[in-house]
Structures are given as structure tokens and as C-alpha cells.
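Everything on this sheet refers to the single structure shown next.
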Amino acid sequence: METSPNSDLVSKGEVLALIFELFPWLRQFEQATLNDYAKAAFSVGSDRSGCVARSQAMSLLRSRVAAVAQRQGYSAEAASRFQTEIEVAPVLQCGPHLHLLIEPDAFYTHLFSLMGLRAHGRTSYISYACSTVKFVERGRKGPAWLHVDGDAVNVFGLSRSKMIPYSILGRNGCYRFHLQNVDRPGDDSEAISYLRDLLPLGEFQSAAEALKAANLCLWKRYSESQVDFLQLDDSDVADLVADHLSDGRSWLRASLIEDRAFAMRLIHFIDQLADTAWRGWLKNSTHFFWGCIEGRLFPLWLDGRVLRSKETDDVCVELSPPSLVEALRTGRIVPNLLLMFIVTSILPGVRVLGGSRHTIYYPLMRWAFCEALRNNHRDTQLLNALSKDERPGVWGHRIISSPCEPFSLLNAFSRGGIETLLGQFGKMSIIDACGPLSSFTQDPLWAELAVAYSSGRVGRQSSQWAFR
């Protein structure tokens, strides 16, 4: 009998047992309320290791955060608050891809983040949303789709040929919010008409820019918690990487780009994972950057001192600070996920919250990075700082599982919708709130990891789990 694509490959109980094994500190929250867990997820102090590389990386991150905030219309005072937040309470929500805030995958994760921020009395919220994703992820799901009152809505009114090959970060057209109801063509429903009035008018160079602008409008409309929201995506990370490469004091410039030996060691240790029980979780799908042509991404491979594509598009970028900066500024290359985490988390010492796969691949990224550091005595200070990080990666995405459409749910309350939802979900236990844990139980990688755990090949004593 064939297995349904939506059937469980491993039980919720087996997944929880493995989670508690790999992250033993989580066991104390097994029956705790979601409020308690959210508070712990956002409870972190700033790094005081005195590590020069880490301090410099945090300085560059602070500057970039302020620049993005002011570009999105925040005052200099508000931008300064975002800077303080990322340095004094360094936590970055990285779970949802770049969707509209009212898409369930994003909405319920941001609701969880609000619980944690409110528990600490914080007024600034910084989130990274991956935009190196396609318009359609599967079926009628992805940044180009939304469900309103049970109907599928084509957010940008694009044909499938305009969606399937492209990532939303591509500046390859003019994007505006069409909100086409594909299930019920004709006049707008009351809900879609109301949503249309909330979203920004005009055209945007990329779908990612449109979504970020829309999310700021939605946040201001529905968030009654007085928390400012800053959403970063891969275009902002590209600017941050360019900042590093333009700064002679940057560890990234000196050790990853100008010292090719470190880059090769890092690639080597990631490749080594294929021969372990952790295979499949972290791969060298591309070497540090993706090539990008009109939103279509393709891998680049390090060939001597050059990043080169193997496809028909002959893209070649010299692995030098000036060449990489120029390619980043023009959008010809985009940092990959590994490089994104290096500049936003690993180097500056920021805790990152993520989903079911992030909980495994992020510790493996840290392991590979630290193994590559060991061969250079100049990096001893950075290696020591990384070894002392407290809970650098935490499960903080899809903690809440709910069948309710967020937009309908919010509009069902005359006022105070967010506060009501925070109260309702915050009192639930984490085990009840997370529901069936489908993102874990239906994932072949988690099923394989559970088998490896039961046979003793995986556990918190595994050498690759040393920097979780």
C-alpha cells in the first residue's frame, strides 16, 4: 500500500522523545504554558566575551538594522530602539518564509513571538523572513497564495508560468496586490474588499518588497501591543554581507573570503555530514551564494578563486571583496542560508528561532563552522565565544497549530483581537498548542533521525551535536 503524502512517518511521541533528548532543557516545558515557553525563548543576554570578531559583527548588524528601519519609515528614535534590542536582547525569529502576515504559517509564529516579547516588556520585534523561495511552494501554498473565507486568492494575479520558476526576491517585473479569487471569480467578497483597502497601492520592483510593505500595514492595523515590527529578508542580508566585505576589520572578509583555506574547510566539514546519521539535513547546495537572474536562482561553485555556475548561464564572480560587493549590489548573487546565519547569528551571537528542520540543521551549521575554526590559532577567541553560547538555536516556529484562518479570526473581534488570541493560546500547554506536529511527523528526515536515535547512532553526545 502506498503511503499518503500527508500520513505520519513517525509518531508525535517519538518526535518529542527525540527533541527532549537533543534539547534536554526543553523537558521542563513539557506541561508548561505557552507563555512560559515563549518567555524562555526570548530570554537571552548580550554577549560579554570580549571577542573582537563578534563585537565587530554585532556593530555591523546594528548599523544595518538601523538602515533598514529608517528605509521602512521608522524614525531615528525607533531605529535606535531596534539597534538596542538586537544587541541587549539578541533574538531573531527566522521561522516563517516571507508571506503576508495573515498567512497561517507566519501569523501564528509571530503571535508566539509577541508572547515572548510581551513577557519581557519589549517594544521592538525583529524577524528575518527567507525570500529565496518561489512564489509557489506546493499546491496553492506559498507567498503568491492566500486563503480568505475558505477561498484561494492569487495575491499578485500571476499566471503559473510567472510563478513556478522564480523566487520572490527577483526584481524582474512590477508587482501589485491584485487579490484574484480563483474559486469565486467576479466581484470581491466583503473580506477581500476589506483586505484590499488595507494593503498598499502602487507597484513594487519585487514581490518581496511588496510583501514587506504590506506586512508593515497589516502589523500597524492589527497589533495593539505597541510593539514595532522590523522584517528583514535576503536583500537586507545581501547588504549586510556587502557591509562586511567593505570593512577591513570584518572577520568575514579576512577569514572567509580572503582566506580561501577556511572556506574550503567549511565546505569539507559540511560534505562530511553525508557519511553520518545526520545526512540530508545540511548540504552544500551552493557555495555561500546563489546566482540570480531575474529572480531565477542557480548554484555557484567555488573553483579556485572564482564562483562559477555550471548551467548554460555562464555566471562567473571572482571571490574577492570588490567583485562580490558589486555582484551583491546589482543582485547577480544572493547569500545562501549558511552565509545568512553566519552574519546574522553565528558571528554576532544572536539566538535564532526556527522550525522543525532549523532545529537540526542550525546546530550542524555551527558544528561545521567551529570545526573549520579549529585549524587557525587566530580564531581561538571566536571559537571560545561560540562554545559558550546559551541555546543559540531554539524551536520557535509552528509552535501554535490552529485550523482557523487568521484574517477571519482577527476580523471576528470588534477590537482587541491580538490581545484576545495571546490570552487564549498563551494559557495552553505547549503539547496541546503544537497539535499533531505534522511538520515533524510527516518529514522523512525526522523519521530517519528517529530510527537513528532508537538504534543509538544519534544522541546529544554525538560529536556533531557539540555546538547546539
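- Ion pair Arg329/Glu326 not flagged as a salt bridge, since none of the NZ, NE, NH1 or NH2 atoms sits closer than 4.0 Å to an Asp/Glu carboxylate oxygen.
- With no hydrogens or angles considered, a side-chain donor-acceptor pair links Ser345 and Tyr362 at under 3.5 Å.
- Shown here is Phe289, whose CZ atom has more than 12 heavy atoms of other residues, nucleotides or ligands within 6.0 Å.
- For the 3.5 Å distance criterion, the side chains of Thr441 and Asp8 qualify, holding a donor opposite an acceptor.
- Going from atom CG of Leu256 over to atom CG of Leu347 covers 9.0 Å, rounded to the nearest 0.5 Å.
- For the pair Ile168/Ser131, a side-chain contact is recorded, criterion being any heavy-atom separation below 4.5 Å from C-beta on.
- At a threshold of 4.0 Å, the pair Arg81-Glu77 counts as salt-bridged, since one of the basic side-chain nitrogens sits closer than that to a carboxylate oxygen.
- Residue Leu300 holds its CG atom at 11.0 Å from NZ of Lys310, rounded to the nearest 0.5 Å.
- Taking 4.0 Å as the cut-off between side-chain N and carboxylate O, Arg366 and Asp389 count as a salt-bridged pair.
- By the 30° and 60° cut-offs, the orientation of the rings of Phe425 relative to Tyr108 is perpendicular.
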Ser11 and Glu14: CA distance, side-chain angles, deciding distance, side-chain hydrogen bond (donor to acceptor under 3.5 Å, both in side chains) verdict: CA-CA 5 Å; Ser11 72; Glu14 289 174 303; 3.1 Å; yes
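- For Tyr361 and His358, the ring centers sit closer than 6.0 Å to each other.
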ring-ring contact (aromatic ring centres under 6.0 Å, His included) assessment of Trp395 paired with Phe440: CA-CA 12 Å; Trp395 176 35; Phe440 292 84; 5.4 Å; yes
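- For Phe407 and Phe107, the ring centers sit 6.0 Å or farther from each other.
- Side-chain atoms of Gln72 never come within 3.5 Å of backbone atoms of Leu230 as a donor-acceptor pair (strictly under, hydrogens ignored).
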